[in-house]
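Some notes on the structure that comes next.
Order of listing sets the numbers, starting from 1, for every ligand and every atom in it.
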Amino acid sequence: MTDNRDLSKLIKTFDFAGDNISSTVLKRGHINETYIISNTNNGNNVRYILQRINTSIFKDPVGLMENVKGVTEHIRRVTEQKGKETCRCTLNIIPTKDGAIYYFDDDGGCWRAYDYIEDSVSYDTASNTGLMYKAGVALGDFQQILAEYPADTLSETIANFHNTVSRYCDFDKAVCDDVANRASSVKQEIDFIRTRKDFCGIIIDEIQKGTVPLRVTHNDTKLNNILMDSETDDVLCFVDLDTVMPGSALYDFGDSIRFAASSAAEDEKDLNKVWMKLDYFEAYAKGYLSKMSKALTPMEIRLLPESCILLTLECGMRFLADYLAGDVYFGIHYPEHNLDRARTQLKLVADMESKLDKMHDVIDSIIAELG
Ligand code: GN1
Ligand code: MG
């Protein structure tokens, strides 16, 4: 992320309407570099998102952008068929003046642009159960729309993205390598993760057995990747489509709860403020299952509560592994940022474990109610 990059050449490269007035850094997301481009066009203000794709993480940005193009066109088409408003239903790619959906700069950086979706908000924490219900419905809708998408045409943008067994191996290697010489200071956190090693296979084992199917999923469903109407909080669309690829519905559900049902922000320093809100879990699950209860397999339904623990543990071990590796993956805003993030995730894991029976009761009663 940088405040002093010269964007003028890029702004001329993309097919933006009007004349540029300003560009500002958008400090959201831990991976890509994002700017808001403000133009004036015949007296109207128009805004765009300009993004530098992090190609040390996304090694095939061309495949990634082809995924985004295919998926956004599909979402727009289905929304239109349903007779709904399409202008804010998904991301809209702005091509370059040559008609390409990405642009490589002289340094090999890969850039893309979208329309800025106006009158929208995204939240780092949810403020009420109504919002959670809406977000759950939105995930159900999203997965249903993508159920008709040809999965075999999608590139796998990051291999083994939610393969928690392989994530555990990466974590273990980061502990052993101890590149930044930090392992001895986070022994408690390392031990916490190590005692949960066997749990890491809980979804991938079922995928291998065939009881949990692969579907086209979002894979990064944290609440701030959902745009809502700034007046009504109605869901407009999912953004950050870089990891849309075959995965488990449980990854999306678990990751949503990890983030949105937490009582605190992902990097809260005071762990006494961090727990999983059971009523938020319930509201989200109600919304999600209102759309998906008939489509999911019995094993998917059975593993919904465990998926929340697993995805939270996975995220915690990724943050901790990055802290141990010297902060090379996630963008950080201060030296211990990844450690603070890891600690909130592990605190959530412990809290969810203590609420696991209650989470199962919640799911059972929703399913019974839906019939
Ligand atoms: C990253 O791109 P962003 O900030 O929405 C990460 C997710 C993590 C998330 C944790 C490609 O998401 O997997 O869950 O941070 N994305 C990638 O906040 O690694
Ligand atoms: Mg992302």
Side-chain angles (χ1 to χ4, degrees), residues 1 25-35 49 51-61 63-65 67-68 71 91 110 112 114 122-126 135 139 142 154-164 166-168 170-171 174 203 217-227 237-248 250-262 264-268 274 307-323 325 327-333 337-349:
M1 211 74 30
V25 182
L26 182 64
K27 289 197 170 111
R28 300 300 287 274
H30 305 331
I31 308 292
N32 297 319
E33 203 179 298
T34 309
Y35 301 88
I49 289 288
Q51 244 179 354
R52 185 176 195 269
I53 300 173
N54 184 331
T55 46
S56 57
I57 290 174
F58 294 109
K59 309 250 188 259
D60 174 17
L64 181 156
M65 284 310 292
N67 284 3
V68 173
V71 165
L91 292 168
C110 186
R112 64 167 169 216
Y114 297 120
S122 67
Y123 295 106
D124 287 329
T125 51
L139 178 62
F142 187 83
L154 287 170
S155 305
E156 193 181 26
T157 56
I158 299 180
N160 288 318
F161 192 58
H162 284 306
N163 180 339
T164 316
S166 111
R167 290 288 187 188
Y168 183 89
D170 296 345
F171 161 76
I203 294 180
T217 47
H218 183 285
N219 295 304
D220 189 4
T221 50
K222 58 182 180 179
L223 189 65
N224 62 18
N225 279 333
I226 300 181
L227 295 188
C237 60
F238 276 87
V239 294
D240 194 355
L241 303 172
D242 299 346
T243 49
V244 173
M245 55 187 165
S248 162
L250 292 165
Y251 300 153
D252 284 355
F253 181 83
D255 199 43
S256 303
I257 297 299
R258 167 188 85 75
F259 192 90
S262 171
E266 197 178 64
D267 54 2
E268 172 60 54
V274 182
S307 75
C308 307
I309 302 179
L310 186 74
L311 271 284
T312 310
L313 178 67
E314 179 188 289
C315 199
M317 68 176 126
R318 289 177 64 198
F319 286 142
L320 193 61
D322 197 35
Y323 179 71
D327 308 307
V328 291
Y329 186 97
F330 296 104
I332 54 165
H333 301 306
H337 207 165
N338 272 320
L339 179 58
D340 287 342
R341 290 168 175 155
R343 285 183 170 146
T344 61
Q345 302 308 294
L346 303 186
K347 171 72 197 291
L348 282 169
V349 167

Part of [X] with heavy atoms under 4.0 Å of ligand 1, whether side chain, backbone, both or neither:
| X | result |
| --- | --- |
| H162 | neither |
| E266 | side chain |
| D242 | neither |
| F319 | side chain |

>> Yes or no: does I57 have any heavy atom under 4.0 Å from an atom of ligand 1?
In response: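 The answer is no: ligand 1 sits nowhere under 4.0 Å from a heavy atom of I57.
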
>> Show me which atoms of ligand 1 lie under 4.0 Å from any heavy atom of G29.
In response: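 Counting atoms of ligand 1 from 1, those under 4.0 Å from G29 are 4 (O).
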
> Taking only heavy atoms of R318, which atoms of ligand 1 are found under 4.0 Å from at least one of them?
Replying inline: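 Those atoms are 7 (C), 8 (C), 13 (O), 17 (C), 19 (O).
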
Do [X] and [Y] have side-chain atoms, one donor and one acceptor, less than 3.5 Å apart?
| X | Y | result |
| --- | --- | --- |
| E314 | T164 | yes |
| D242 | N32 | yes |
| T34 | Q51 | yes |

>> Working note: D124 + R28, criterion salt bridge (Lys or Arg N to Asp or Glu O under 4.0 Å); need CA distance, chi angles, decisive distance, verdict.
In response: CA-CA 10 Å; D124 287 329; R28 300 300 287 274; 3.0 Å; yes

> Can you tell which of F330, F259, Y329 gets a heavy atom nearest to atom 17 (C) of ligand 1?
Replying inline: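 Result: the heavy atom closest to atom 17 (C) of ligand 1 is in Y329.
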
